[in-house]
Amino acid sequence: MIELNAFTKSYFQSSRKTPVFSVKDISFTVKTGTITGLLGPNGSGKTTILKTICGFQFPTSGKITVTDNDSNQFDIENTPEQAMNLIGYVPEKSILPPDLTVYEFLEHTGKIHNIENNQLKERLSFITKECSIQDVLTKKIKTLSKGYAQRVSFAQAIIHNPPNLILDEPISGLDPAQIIQMRNLIKNLSKTKAVIISTHILQEVYSLCDEMHIISKGKLVASGTEKDIITKAGTKNLEDAFLKLTESEEK
């Protein structure tokens with residue numbers, strides 16, 4: 001489970017005397033076994049939220065906690081190492097070492113997570129099947145298609161079996177067949193994990209998400225199921241609701 005409680009991130013610019021807020025007073029919970037969509041225009045604050053959950057930066061105020069499989073909670077700011085070990089992260093653009101083979105890279109990733117050798121082989125066998133990358137284990141990463149590279153990125157994110165998974169635009173740039181495969185992978189992984197997916201593609205929300213949070217100008221403007229969002233906006237569909245809610249915040 002992932003919880004944000006009044007999370008605020010601000011910074012100072014030399015030309016201004018008051019802080020600039022990247023996101024302000026964001027609160028929501030992502031439960032295990034669910035997929036939550038994080039939606040918003042470019043520059044709305046989605047990336048700030050994801051980076052802070054992953055421990056790449058800390059809140060200015062408020063709190064972000066992640067929960068392990070035994071219901072123990074860890075604060076991103078106060079216990080960053082423990083919290084970060086409970087998260088798997090798939091960035092929008094895969095950052096993978098081009099000259100390593102897929103197996104070499106995943107084996108190295110497992111060792112970074114201190115997985116013992118006897119367990120590592122079992123874990124590697126499991127995730128390669130889970131992510132359908134058995135056929136490319138001996139290939140260098142630089143030779144992979146975008147679809148296979150994205151699957152390898154998923155594999156590195158789940159090699160230590162984290163209970164929480166952060167996905168930043170995971171479908172972006174994939175062809176239709178790859179999109180279907182990736183959706184199925186995400187749905188399967190969500191059975192035992194709390195999953196956040198950041199996307200600007202509303203079709204992914206229809207296909208994957210149990211609920212969603214819409215961010216605009218660093219503020220949480222709507223939360224809930226597709227029906228909840230449409231009802232709040234007073235529109236007939238999610239597309240119109242998204243535009244109405246984000247445009248009203250822009251004014």
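These figures come from a predicted structure and were not determined experimentally.
Cluster annotation: Leu4 and Val66 are assigned to the same hydrophobic cluster (Ile/Leu/Val/Met/Phe/Trp/Tyr, side-chain heavy-atom contacts under 4.5 Å, transitive). No single ILVMFWY cluster, assembled from side-chain heavy atoms under 4.5 Å apart, contains both Ile180 and Met182. Note on Met212: it does not cluster hydrophobically with Phe7, by side-chain heavy-atom contacts below 4.5 Å among ILVMFWY residues. Cluster membership for Val30 and Leu86, using ILVMFWY side-chain heavy atoms within less than 4.5 angstrom, is shared. Connection of Ile2 to Val90 is not established within any shared hydrophobic cluster, with ILVMFWY side chains joined at heavy-atom distances below 4.5 Å, either directly or through further cluster members.
In this structure, Val102 and Val136 approach most closely via the heavy-atom pair CG2-O, 3.3 Å. Taking each heavy atom of Ile230 and Lys236 in turn, the nearest pair found is CG2-C, 4.1 Å. Closest heavy-atom contact between Ile76 and Ala83: CD1-CB, 3.7 Å. Closest heavy-atom contact between Glu107 and Leu124: N-CD2, 4.0 Å. The minimum heavy-atom distance between Gln156 and Leu106, with the atom names listed, is N-CD2, 3.7 Å. Of all heavy-atom pairs between Pro163 and Thr67, the closest is CG-O, 3.6 Å.
The backbone N or O of Gly62 sits nowhere less than 3.5 Å from a side-chain atom of Asn5 that would complete a donor-acceptor pair. For the pair Gln178 (side chain) and Asp175 (backbone), a donor-acceptor distance under 3.5 Å is present. Using a distance-only test at 3.5 Å, with no hydrogens or angles considered, no donor-acceptor pair links the side chain of Lys193 to the main chain of Asn164. Between the side chain of Ser153 and the backbone N or O of Gln150 there is no donor-acceptor pair closer than 3.5 Å. Judged by distance alone, the side chain of Ser145 and the main-chain N or O of Tyr148 form a donor-acceptor pair under 3.5 Å. Checked by atom type and distance alone, the side chain of Glu211 never pairs as donor or acceptor with a backbone atom of Gly37 at under 3.5 Å. Although no hydrogens or angles enter the test, the distance criterion places a donor-acceptor pair under 3.5 Å between the side chain of Thr109 and the main chain of Phe105.
In the model, Asn117 has no side-chain atom that pairs as donor or acceptor with a side-chain atom of Lys111 under 3.5 Å. Looking at Gln181 and Arg151, their side chains do bring a donor and an acceptor atom within 3.5 Å of each other. Judged purely by distance below 3.5 Å, without hydrogens or angles, the side chains of Thr246 and Ser216 never pair a donor atom with an acceptor atom. Gln57 and Thr52 share a side-chain donor-acceptor pair at under 3.5 Å. Checking Thr231 against Asp228 by side-chain atom types alone, no donor-acceptor pair falls below 3.5 Å.
Salt bridge Lys93/Glu169: absent, no basic N to carboxylate O contact under 4.0 Å.
Residues Leu38 and Leu50 have side chains in contact (heavy-atom distance under 4.5 Å, counting atoms from C-beta outward). Inter-residue side-chain proximity for Arg123 and Phe126 is flagged as met; some heavy-atom pair is nearer than 4.5 Å. For the pair Pro162/Ile87, no side-chain contact is recorded, criterion being any heavy-atom separation below 4.5 Å from C-beta on. A heavy-atom distance below 4.5 Å is found between the side chains of Phe28 and Ile196. Residues Ile127 and Phe154 form no side-chain contact, since every pair of their non-hydrogen atoms from C-beta on lies 4.5 Å or further apart. Side-chain contact between Thr8 and Pro59 is absent, with no heavy-atom pair separated by less than 4.5 Å. With a 4.5 Å cut-off on side-chain heavy atoms, Lys24 and Lys9 do not count as touching. Within the 4.5 Å cutoff, the side chain of Ile141 has no heavy atoms near those of the Glu104 side chain.
Within a 6.0 Å sphere centred on CD of Glu81, heavy atoms belonging to other residues, nucleotides or ligands number 12 at most. For Lys121, the NZ atom counts as loosely surrounded, since its 6.0 Å shell holds 12 or fewer non-hydrogen atoms of other residues, nucleotides or ligands. Heavy atoms of other residues, nucleotides or ligands lying less than 6.0 angstrom from NE2 of His108 number 12 at most. In this structure, Asn118 places its CG atom where more than 12 heavy-atom neighbours from other residues, nucleotides or ligands lie under 6.0 Å away.
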Would you sort out whether Ile229 and Thr235 count as a side-chain contact (heavy atoms from CB on, under 4.5 Å), showing the intermediate values?
CA-CA 9 Å; Ile229 302 295; Thr235 58; over 6 Å; no
May I have the step-by-step check of side-chain contact (heavy atoms from CB on, under 4.5 Å) for Leu189 and Glu130, ending in yes or no?
CA-CA 9 Å; Leu189 291 173; Glu130 188 84 343; 3.8 Å; yes
Please test Asp99 against Lys142 for salt bridge (Lys or Arg N to Asp or Glu O under 4.0 Å), starting from the C-alpha separation and ending with a verdict.
CA-CA 6 Å; Asp99 291 320; Lys142 63 184 177 183; 2.9 Å; yes
Pair Leu238-Val205, side-chain contact (heavy atoms from CB on, under 4.5 Å): steps then yes or no
CA-CA 10 Å; Leu238 184 58; Val205 177; 4.0 Å; yes
Show the numbers, then the answer: is there a side-chain contact (heavy atoms from CB on, under 4.5 Å) between Asn85 and His160?
CA-CA 8 Å; Asn85 199 47; His160 57 302; 3.9 Å; yes
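Atom CG of Leu185 and atom OG of Ser132 lie 7.5 Å apart (nearest 0.5 Å). For the atom pair OH of Tyr89 and CE of Met84, the computed distance is 11.5 Å after rounding to the nearest 0.5 Å. If you take OG1 on Thr32 and CG on Leu165, they are separated by 11.5 Å, rounding to the nearest 0.5 Å. With values rounded to the nearest 0.5 angstrom, Ile49 atom CD1 is found 8.5 Å from Ser198 atom OG. A distance of 4.5 Å separates CD1 of Ile171 from CD of Glu204, quoted to the nearest 0.5 Å. For the atom pair OG1 (Thr34) and CE (Met1), the distance works out to 10.0 Å, reported to the nearest 0.5 Å.
Of the listed residues (Asp70, Asp68, Asn69), just one forms a side chain to side chain donor-acceptor pair (under 3.5 Å) with Asn72, and that residue is Asp68.
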